[in-house]
4 protein chains.
Amino acid sequence: MKRDAVIQVAAQFFAHHGYHNTSLDDIAKALDVSKPTIYYYVPNKEQLLFECFVAGLEPIRTALRDVKVSKEPGRERLNTVLRQYAQAVASDYGWCMVIAEHQDLSPSMSSHIRTLKVEIDQGIRRLLREGVKDGSIQPCDVKMTAFAMAGALNWIAHWYRANQGMTAPQIADAFVTIFEEGLRPRAARRKSATRSTRPDSSKGLS
Amino acid sequence: MKRDAVIQVAAQFFAHHGYHNTSLDDIAKALDVSKPTIYYYVPNKEQLLFECFVAGLEPIRTALRDVKVSKEPGRERLNTVLRQYAQAVASDYGWCMVIAEHQDLSPSMSSHIRTLKVEIDQGIRRLLREGVKDGSIQPCDVKMTAFAMAGALNWIAHWYRANQGMTAPQIADAFVTIFEEGLRPRAARRKSATRSTRPDSSKGLS
Amino acid sequence: MKRDAVIQVAAQFFAHHGYHNTSLDDIAKALDVSKPTIYYYVPNKEQLLFECFVAGLEPIRTALRDVKVSKEPGRERLNTVLRQYAQAVASDYGWCMVIAEHQDLSPSMSSHIRTLKVEIDQGIRRLLREGVKDGSIQPCDVKMTAFAMAGALNWIAHWYRANQGMTAPQIADAFVTIFEEGLRPRAARRKSATRSTRPDSSKGLS
Amino acid sequence: MKRDAVIQVAAQFFAHHGYHNTSLDDIAKALDVSKPTIYYYVPNKEQLLFECFVAGLEPIRTALRDVKVSKEPGRERLNTVLRQYAQAVASDYGWCMVIAEHQDLSPSMSSHIRTLKVEIDQGIRRLLREGVKDGSIQPCDVKMTAFAMAGALNWIAHWYRANQGMTAPQIADAFVTIFEEGLRPRAARRKSATRSTRPDSSKGLS
DNA sequence: TATGAATGAGTATTCATTCAT
DNA sequence: GATGAATGAATACTCATTCAT
């Protein structure tokens, strides 16, 4: 589908240059079509961002749905979702998914996006609660924990570069370990964490 | 200093509406001055963003410096810095600090900002390493842990609203607990986590 | 071609009001189009000036080329070029051609224009040298003579007004006579100069 | 006088960068004073240009006045004036003198300048007429000859650079020779023209 | 004399969007 | 399906000029 090509190219441009620094001219040129052609597939720039957002979010929603019927303990199911989440954020659509904000969107689209985001957040919180209930997760502030996880994972979109350093699944695993184990030493340590693969590159803030 | 007022108002606008959706006209109107007056204090819009960035970052740098001479174990010193970090991100300048990216900046300014960000990241990594060495932090992937923490904390800028729900220090404490304890239940639990204060609001993604 | 209309109208405005006193709004209004339309045909104001410059220069370059294959003595060929030169300077594009300077142009465009100007200058010097060689022009300081001629002719752009007083070819003839004969009386005068047609108007300096 | 310093610096800036590309800030910075200080000496930018113009023109007016009482033949007196003219055009004020145009000036100032320019032009024409009458200049189109001379001399402002190549008096002499002798060979040549000193540099058009 | 602070009026340029074809 | 041509609206930035001090 050409429509998908439009959306993917848009996502890549948005991720590299930002939403506002990407003109439809840029996208048109990259696709080697004229600007009005884009309007044939998408009604406006805002919708383009929205489509990128949805494309990125979809796999996470699917993972949340899949996990609902699983028999595994909550912590395992949460980890499955987090792994999928990390992969989504590291995809072409990750950046759009993460920065799509009310700031650049009309009220109606903004609330639409908010609904989708809330759905994800609630899904994660539910898994946390279920994990606490079944004993696989220790009691915690569910809301804050969901925020911390989302933040850590979303941030991947800001520093991840495909084909450089770790792959998305590797990052997901590292993060899962961090969130599972915590920093405080346990009386009986059973598993030693892996070392960083590229200790030189450092840009946690960005 | 009027200059500081300019920067603060700019930071608030950037945070609420985004960098590109804020015109210098907006800022001028909010300050009740004419547009050229802004140029009297700041040479251009980019520099305005940069000043906001620096204003937000400064307290974190200070905290990192202060902690260097502390005699406490690494984990405590790290927590001190993280608390300051959370407070900075929740300030007026937090959003600017977090989204100031190469995308909207000239190459020279971009690299300047990168340098400052790397400094923070390295500071956190150092504390992690020292904590591991002195036994207050369990062995972990230092780089990934720093990334996860920075991400979780940076993300606060996307959902925090002053005078609503938790205060910045409360959030900081909650996050510190999460990172310290981890999700996996410990054999002997000594400290039970607090419950979420506002279980209704949910927007982890944004 | 609409593009040509844009350039011609621009040239007229530049000539009447000066480059800096002409806004793209003025040009757009005169063409009865919107400002962005101009940008559809020309990438920026500087390029607009450049196009006017080239439009004015082209006939002179052509004349220089044509004259290369002529069998006439140097002085005749020079006169042919000077006549064409005068006509170009008196055209809509004359003023642009003459004032297009490094001052208002980017370095690259500036050097481009300089190249073209040097080409004209060298062409005139060559004709002077050839005239001296074939005896049709008396020995002289070739460089200074070329400068004097170029100056006298360029200056036409400052005082010439179409449909007032002499036509461009008449002016060209008058100048050719002046340069040919010189002021010092010749022993045997063969040709008496014409009188000025409008002795009242006087603005040699401007 | 500080006022003179202001005018001279302004003239240099105008000459190097153009009237419109010179801001009062530039001039103030070069003089190491604040912008309002300039307004203490000169009421506005236009007046600044006017003062430069007058400063450049004055020596020519003086020369014309001096020559009125001379007993020399017209051609000699004309040459004296032309030499002074060339020197003025090559001065700091030359460029301003030559480009000061109605385009950048208010109507009243514009007409004032025009009056001064006409005075010069009429002075030259008068000398030409007197030279013809006393036989030192051969009959010619006085108006066109004055225009040609003014153009050739004015143009010096566009290519002359102090301390490079010929001095102003040398240029004046070369031009006088050119205008006196003309290109057409004379039956009996009495004086051979000098050669160009820098035959490589070529920029007659500019 | 001199200036720090301020501004009104511009001005080039960009860009999402439209429409006739 | 696709595009050439056009535009309304916005926006960063500049600069001559003023005025209270």
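Numbered from 1 within each chain, the chains take letters A, B, ... in sequence-line order.
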Under a 3.5 Å limit on both distances, the Watson-Crick or wobble mate of dA9(E) is dT14(F)
Can a side chain N or O of Thr37(A) be found less than 4.0 Å away from OP1 or OP2 on dA2(F)? no
Should the ring pair Phe14(C) and Tyr19(C) be called parallel, tilted or perpendicular, given that the plane angle runs from 0 to 90° and is split at 30 and 60? perpendicular
Phosphate OP1/OP2 of dA6(F) contacted by Tyr41(C) side-chain N/O (<4.0 Å): yes
Can you tell me if Tyr40(B) touches the phosphate of dA5(E), counting only side-chain N or O atoms and a distance under 4.0 Å to OP1 or OP2? yes
Report yes if at least one side-chain N or O of Lys2(A) is closer than 4.0 Å to OP1 or OP2 of dA2(F); otherwise report no. yes
Specify whether His112(D) and Phe50(D) have parallel, tilted or perpendicular ring planes, treating 30° as the upper limit for parallel and 60° as the lower limit for perpendicular. tilted
For His17(B), does the NE2 atom have more than 12 heavy-atom neighbours from other residues, nucleotides or ligands under 6.0 Å away? yes
Would you mind pulling out the nucleotide paired to dT18(E), Watson-Crick or G-U wobble, both distances under 3.5 Å? dA5(F)
Closest heavy-atom pair, Ala88(D) versus Gly56(D), reported as atoms and distance to 0.1 Å, is CB-O, 3.5 Å
Answer yes or no: does atom NE2 of His20(A) have more than 12 heavy-atom neighbours from other residues, nucleotides or ligands under 6.0 Å? yes
Each nucleotide of nucleotides 14-21 of chain F classed B (base within 4.0 Å of a protein heavy atom), S (only sugar-phosphate) or -, in 5' to 3' order, makes BBBBBB--
Taking atom P of dA12(F) as reference, at what distance in whole Å does atom CG of Leu49(B) sit? 13 Å
